[in-house]
2 protein chains.
Amino acid sequence: MAVNVRSRTGTRERIHDAGLTLFNERGYTGTTVRELADAVDLTPGAIYNHYPSKESLLFAIIDRVHDEADTILSETLRGVGNDPVAQLEALASAFTGFHIARPRETRVANRDYIYLPARERESVVRRRRRVRALFVEVLRDGERRGHFCFAELGSEDAVQAASMAILNMVVLVAEWFDPARSRSAAETAALHGRLALRIARSGR
Amino acid sequence: MAVNVRSRTGTRERIHDAGLTLFNERGYTGTTVRELADAVDLTPGAIYNHYPSKESLLFAIIDRVHDEADTILSETLRGVGNDPVAQLEALASAFTGFHIARPRETRVANRDYIYLPARERESVVRRRRRVRALFVEVLRDGERRGHFCFAELGSEDAVQAASMAILNMVVLVAEWFDPARSRSAAETAALHGRLALRIARSGR
DNA sequence: CGGCGCGATGAACGGCCGTTCATACTCCTG
DNA sequence: CAGGAGTATGAACGGCCGTTCATCGCGCCG
């Protein structure tokens, strides 16, 4: 009954999207499956025709955005040469664009993954570590080849700290970037690319 | 009855501390007042002799750490001269030390303030904005006086982006800093001071 | 055109939520 | 030694939580 014009398929996707919005706004534990159901005009029980549990929806959301992030990162790397300077700038820029384009997805992934059951959480932690390792690798490579400089910072943690500074800059761009007031996303992405080079102290 | 050796005073503080630990680990909405009570060996009802509500405990936690942050920041500024370069380095370094020293407090403040009721949340948002404004101010001052350079970045958002890059680096240090494996907190704080100067492109 | 199966319903499950309250204990003050 | 203030107890409150299930309607396929 009710609205029979309901699109047969796509319900799973609509739930996914509502989860994105609600988890983003209220957090995973702050969101109720009844709220989820209201948002997609469904009864709470109907949710379970599409996801076996609330946790599984959270995992679907986080896993997908990690897939997309991996894709962006590896495609960016594929489209740029061997030069660590170009690699770092392209990576920081592209990843910034990604985070501006997907603020809900990335916020939920970064904030709420701790609520995943152990198995899934560990899988996510592993994927996050791989992204960190990619940036560290590029930084180390660039240092070895004389394009970046961390020695003068006088700390063994310098490369890690620098890569985390870059990653945090990129990952949290959506906390301040305002499509209404800020310059274009592309310009901000380019800006972050250049700031990443500053952090690595490349002469550009 | 039970343990009569219970220290008469200090219960409010012990609840505050347990809230810190639990909110940090499970998030505000993921923490139960029964868990809180268990952590301090009390009955749920007894919590309400010390805080009128769960929300008020969250606010007490967040408000206190903001007080401490304000103190650190203004004392740091007071202890350093007029030079924007020295100011930025000192601010980034001191604030990094603060976040390493108080990982629970700062994580809860930054992540869970959204669960505060409107009045309190707005007060917190105002305090956060003031911190951001302080960094922007130092950056602009340094640029005006020729010590920092953002013009070459070619974006009107450059100063804001740079200040957010510095702030995010500082505020999230506890996500990777590991007292067991990392160098000392003081060394990491100094490192962040120097990285902040890189971001502002000071010649040091 | 009959039947099958997907997907929605709405009621219900046991359990936990934040909070309140009458009561009682204990310690400090006078 | 009396009494009041401060604080803990344990039971209870109404309400909401995530999830299950019997039931049923609708649209597609043979």
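Values below: every heavy atom of this structure, side chains too, minus hydrogens, waters and symmetry copies. First the proteins, then the strands, lettered A, B, ... as listed; each starts at 1.
Residue A:Y48 contributes atom OH, which lies 18 Å from atom P of C:dA11 at whole-angstrom precision. Put simply, CZ on A:R12 is 15 Å from C1' on C:dC6, counting in whole angstrom units. Summarising the geometry, the separation between CG on B:N49 and C1' on C:dT26 is reported as 14 Å, rounded to the nearest angstrom. Atom OH in B:Y115 sits about 13 Å away from atom P in C:dG18, given to the nearest Å. The nearest whole Å value for the distance from the CZ atom in A:F23 to the C1' atom in D:dG18 is 12 Å. Regarding B:I15, its CD1 atom lies at a distance of 11 Å from the C1' atom of D:dT7, rounded to whole Å. Rounded to whole angstrom, the span from the CG atom of B:L58 across to the C1' atom of C:dT19 amounts to 17 Å. The nearest whole Å value for the distance from the CZ atom in A:R34 to the C1' atom in D:dT19 is 9 Å.
Note on A:T31: every side-chain N or O is 4.0 Å or more away from OP1 and OP2 of D:dC17. A:H50 has no side-chain polar atom (N or O) that falls below the 4.0 Å cut-off from OP1 or OP2 of C:dC6. OP1 and OP2 of D:dT7 both lie 4.0 Å or more from every side-chain N or O belonging to B:T43.
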Side chain to side chain contact (heavy atoms under 4.5 Å, CB included) evaluation trace for A:Y28 with A:V108: CA-CA 8 Å; A:Y28 173 74; A:V108 170; over 6 Å; no

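Across B:R128 and B:H66, no two heavy atoms sit closer than the pair CG-NE2, 3.6 Å. Shortest non-hydrogen contact noted between A:Y115 and B:G27 is OH-CA, 3.5 Å.
Closest approach to the A:L42 side chain among C:dG18, C:dT9, D:dT19 is made by C:dT9 (side chain taken as heavy atoms from C-beta onward). For A:T32, the side-chain atoms get nearest to D:dC16 when compared with the rest of D:dT9, D:dC16, D:dT19.
Here A:D67 does not pair with A:R64 in a salt bridge; the nearest charged N to carboxylate O distance is not below 4.0 Å. Remark: B:E68 engages B:R102 in a salt bridge, criterion side-chain N to carboxylate O under 4.0 Å.
Both A:E35 and A:G45 lie close to DNA chain D; mapped to their nearest nucleotides by heavy-atom distance, the more 5′-ward contact belongs to A:E35. Residues B:A46 and A:S53 both approach DNA chain D. Their nearest nucleotides, taken by heavy-atom distance, put B:A46 toward the 5′ side.
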